[in-house]
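Side-chain atoms are counted along with the backbone in the values below, which use heavy atoms only and exclude waters and symmetry mates. Lettering of chains follows the sequences in order, A, B, ..., and the numbering in each one begins at 1.
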Amino acid sequence: MKPDFEQFKDLPGTTIFTIEKGREGFQLNEFCMSLRKEENRRRFLADERSYLDEWEMSADQKQAVLTRDFQKMLDNGGNVYFLSKIFAAEGLSYVQAVSTMTDMNVEQYQAMMLAGGRSVQGWRSKKERDEA
Amino acid sequence: MKPDFEQFKDLPGTTIFTIEKGREGFQLNEFCMSLRKEENRRRFLADERSYLDEWEMSADQKQAVLTRDFQKMLDNGGNVYFLSKIFAAEGLSYVQAVSTMTDMNVEQYQAMMLAGGRSVQGWRSKKERDEA
Amino acid sequence: MAKITAGIATSHVPAVGAAIDMARTDDDYWKPMFQGYEFSKSWIKTNNPDVAIIVYNDHASYFGMEIMPTFAIGVAESFEVCDEGYGPRPVPSVEGAPELATHLAASLILDDFDLTVLNVLEVDHGLTVPLSLMYGTPDKWPSKVIPLAVNVVMYPQPSGERCLSLGKAIRRAVEEFDEDLNVQVWGTGGMSHQIQGARAGLINLPWDQKFMDDLIDQPEVLQYKPHLEYMREAGSEGVELIMWLIMRGALGDKVDEVHRFNHVPASNTSVGHLILTPKEGDA
Amino acid sequence: MAKITAGIATSHVPAVGAAIDMARTDDDYWKPMFQGYEFSKSWIKTNNPDVAIIVYNDHASYFGMEIMPTFAIGVAESFEVCDEGYGPRPVPSVEGAPELATHLAASLILDDFDLTVLNVLEVDHGLTVPLSLMYGTPDKWPSKVIPLAVNVVMYPQPSGERCLSLGKAIRRAVEEFDEDLNVQVWGTGGMSHQIQGARAGLINLPWDQKFMDDLIDQPEVLQYKPHLEYMREAGSEGVELIMWLIMRGALGDKVDEVHRFNHVPASNTSVGHLILTPKEGDA
Ligand SMILES: [Fe+3]
Ligand SMILES: [Fe+3]
């Protein structure tokens with residue numbers, strides 16, 4: 001069956017990690033995997049720039065990591081389970097890191113979750129939101 | 001479909017490498033895989049016993065390696081593609097190593113191959129050979 | 001003869017593991033969620049399996065992108081616990097069931113499931129959080145485990161049909177195993193959640209509950225739900241729910257609902273939990 | 001639209017690689033064998049594919065027993081050459097075809113083939129010896145390659161039916177790729193050989209030739225040959241021939257035989273080689 005990589009583009013505020021994205025983000029995600037080792041976490045946090053220079057990542061990917069711009073990392077082939085190794089290295093939780101990708105601060109995001117989470121109403125499709 | 005690991009026992013002079021054998025021979029085959037690195041080949045050949053002691057192999061498996069008893073390695077879960085790393089480390093060819101598992105010396109074995117190889121006649125089944 | 005006696009479904013949120021490990025299960029935030037598992041913890045005391053086949057996904061913890069299997073089965077004696085970036089969870093390592101696992105792997109490959117066989121595997125929260133939810137904090141897990149890792153992270157994930165068929169094949173394979181064993185299949189992950197992008201925090205409880213209904217009553221229909229619908233309605237990470245289909249396939253045509261629970265939220269996630277048993281007399 | 005224009009089958013004996021690397025192809029022992037590939041080397045000059053999908057098996061060279069996929073596909077930009085214990089073969093590294101490979105991998109997974117996806121892979125003689133036989137000793141391989149690694153070493157191997165179906169699915173997937181590409185599928189390994197045990201050295205040329213006949217004329221029948229028959233009649237390593245079924249499945253119903261060659265022995269092995277093209281006008 002012909003794969004349809006385009007179908008996901010209609011999802012608002014969502015980046016689907018495809019086999020193609022996996023190629024694009026390979027070095028970025030490999031860097032993240034290296035942070036599963038405590039020693040590497042320490043080396044990375046001690047000198048981020050030179051640790052990143054050990055990986056064949058694009059300048060955009062490195063910049064996104066340095067500025068903790070998770071949305072930009074997603075746009076450049078990162079996947080959130082890989083990227084979690086970056087915020088785990090700093091002791092941050094998923095909620096703390098994930099909320100930075102939204103237009104809320106962490107308190108607002110937590111309040112939304114406690115109130116039952118983000119409603120799917122209005123978030124089903126870009127067409128519905130006139131973003132298409 | 002229920003796996004049939006017994007069906008292969010009727011093959012004379014043949015050890016089929018099954019998923020069960022793979023568990024039995026795991027450490028032996030891991031040791032073999034380590035010999036893909038030139039440095040490890042050198043360390044192994046320099047002091048075989050202490051190199052082998054780095055692996056959680058059974059005494060039988062270690063003994064079989066030390067005496068280059070390839071049949072015994074097969075009996076203990078080895079697979080020939082893994083075991084080839086042992087004889088490759090010594091610069092031996094497949095023909096040189098494989099012939100040691102037969103009742104021929106290497107010249108006889110090579111002569112048999114040049115003459116068209118071992119005939120399947122008489123080698124199809126243990127029953128046929130009254131070995132069953 | 002081995003027999004599949006029950007199926008368990010549960011979310012496997014990492015923060016739930018952290019709450020257990022830090023003894024925060026009585027906190028106001030966590031208490032209502034853990035209460036939903038109280039029934040299950042006492043139920044499993046009298047219904048403990050010899051072996052739990054745990055269908056889960058790795059979250060970039062053991063597999064990276066170098067090698068990404070669609071379905072992988074662990075046949076080892078034991079499985080260590082991954083360091084997911086915070087240090088390994090302080091839980092016991094997981095004991096395998098190599099005899100049943102090799103039988104199962106071989107049987108499934110002969111049935112044309114193209115499994116990857118793992119003699120080494122470290123397991124992450126996807127597998128250990130369900131153990132913690134069902135068993136609490138023992139020194140040693142009370143059942144042996146066969147890990148069945150499914151790619152749900154990278155599109156294309158296996159289809160719903162493929163997952164349900166795999167479950168059915170697991171049922172056949174277990175029933176062909178000669179030893180008398182009590183076997184459960186656990187399906188983990190989900191329910192609705194999205195942990196990335198501007199849409200992060202999405203929860204769709206009515207959809208989750210309908211998914212549970214369909215899983216119980218009409219998995220044959222549910223299997224055709226496209227991955228895009230999971231992602232649209234239940235968030236990008238909601239697609240993990242295809243793993244529940246594997247569990248459901250292993251239970252036969254009809255099931256009884258022993259326990260059902262929903263809670264929102266645990267961290268970013270809608271938590272869902274089911275205990276199902278094959279209907280008596282059903283083939 | 002991409003198109004599968006030919007299928008090539010060939011044994012992939014490591015000693016053949018060594019003979020090429022040491023420039024011994026004119027030795028009395030080797031000359032008759034290499035002569036059987038002279039036609040092929042000139043044929044491929046005018047029929048060179050943009051991409052060769054090479055179906056092969058790893059021989060404990062890259063994969064060990066830690067992780068053993070049934071089917072694995074390489075989607076990387078390039079693939080280095082393994083050290084199989086004698087140092088890596090002195091041949092060029094292999095250039096991948098990532099766009100077609102990701103399309104192909106995704107398409108096959110959507111068709112319920114449970115592939116393992118490889119962003120990193122080193123290739124062994126199973127893949128490089130066929131390249132050497134077809135292309136000689138160039139500085140750079142003239143075609144891009146998609147490696148498709150099949151477990152033929154550990155029982156249970158995939159069934160014959162599964163292999164033929166995979167080939168058919170590869171054909172459909174290639175034809176759905178939007179770019180105009182000339183694609184070949186190469187099936188490697190075999191023919192009869194056994195390189196272990198007291199029965200080592202087994203060769204069964206009549207069986208090999210019948211296998212070739214059936215592969216060409218009645219693959220639909222051939223697919224049901226049990227693995228035990230390969231092992232019994234063609235030696236324990238003869239089961240590699242199931243990989244030729246994948247190639248054959250990719251060529252459609254009817255094929256024309258462009259070239260056929262047999263030779264005994266190369267080292268421990270019966271060498272077989274075919275060039276087949278889909279019959280004109282065949283769907
Ligand atoms: Fe998960
Ligand atoms: Fe081979």
Indicate yes or no: at least one non-hydrogen side-chain atom of Leu131(C) is less than 4.5 angstrom from one of Ile54(C). yes
Under 4.5 Å from a heavy atom of chain A, the part of Pro88(C) involved: neither
Across all chains, not counting sequence neighbours, the side chain to side chain donor-acceptor pair (under 3.5 Å) partners of Glu6(A) are Lys9(A)
Ranking Glu84(C), Glu66(C), His193(C), Gln157(C) by heavy-atom pairs under 4.5 Å to chain A gives rank one to Glu66(C)
Give the ring-plane orientation class for Phe17(A) versus Phe82(A), where under 30° counts as parallel, over 60° as perpendicular and anything between as tilted. tilted
I'd like to know if the side chain of Arg118(A) reaches the main chain of Ile203(C), judged simply by a donor and an acceptor atom lying under 3.5 Å from each other, with no hydrogens or angles considered. no
Would you say Asn40(A) and Ser34(A) are linked by a side-chain donor-acceptor pair, where the criterion is simply a distance under 3.5 Å? no
Anything in residues 43-53 of chain A with a heavy-atom distance to chain C below 4.5 Å? Please list those residues in order. none
Close approach to chain C in residues 60-78 of chain A, criterion heavy atom under 4.5 Å: Gln71(A), Leu74(A)
Select one option (side chain, backbone, both, neither) describing which atoms of Thr100(A) are under 4.5 Å from chain C's heavy atoms. neither
Heavy-atom distance under 4.5 Å to chain C: side chain of Ser93(A), backbone, both or neither? backbone
Distance-minimising heavy-atom pair for Leu11(A) and Met231(C): CD1-CB, 3.9 Å
State, yes or no, whether a side-chain contact exists between Ser132(C) and Arg89(C) at a heavy-atom distance under 4.5 Å. yes
Ranked by heavy-atom pairs below 4.5 Å to chain A, first place among Asn204(C), Thr269(C), Asn268(C) goes to Asn268(C)
Under the 3.5 angstrom rule, does the side chain of Asp111(C) hit a backbone N or O of Phe113(C) as a donor-acceptor pair? no
I'd like to know whether Glu233(C) forms a salt bridge (Lys or Arg N to Asp or Glu O under 4.0 Å) with Arg124(A), so could you lay out the CA-CA distance, the side-chain angles of the two residues, the decisive distance to 0.1 Å, and finally the verdict. CA-CA 7 Å; Glu233(C) 298 293 331; Arg124(A) 282 195 170 88; 2.7 Å; yes
Listed by residue number, which members of residues 56-65 of chain C have a heavy atom under 4.5 Å from any heavy atom of chain A? His59(C), Ala60(C), Ser61(C), Tyr62(C), Phe63(C), Gly64(C), Met65(C)
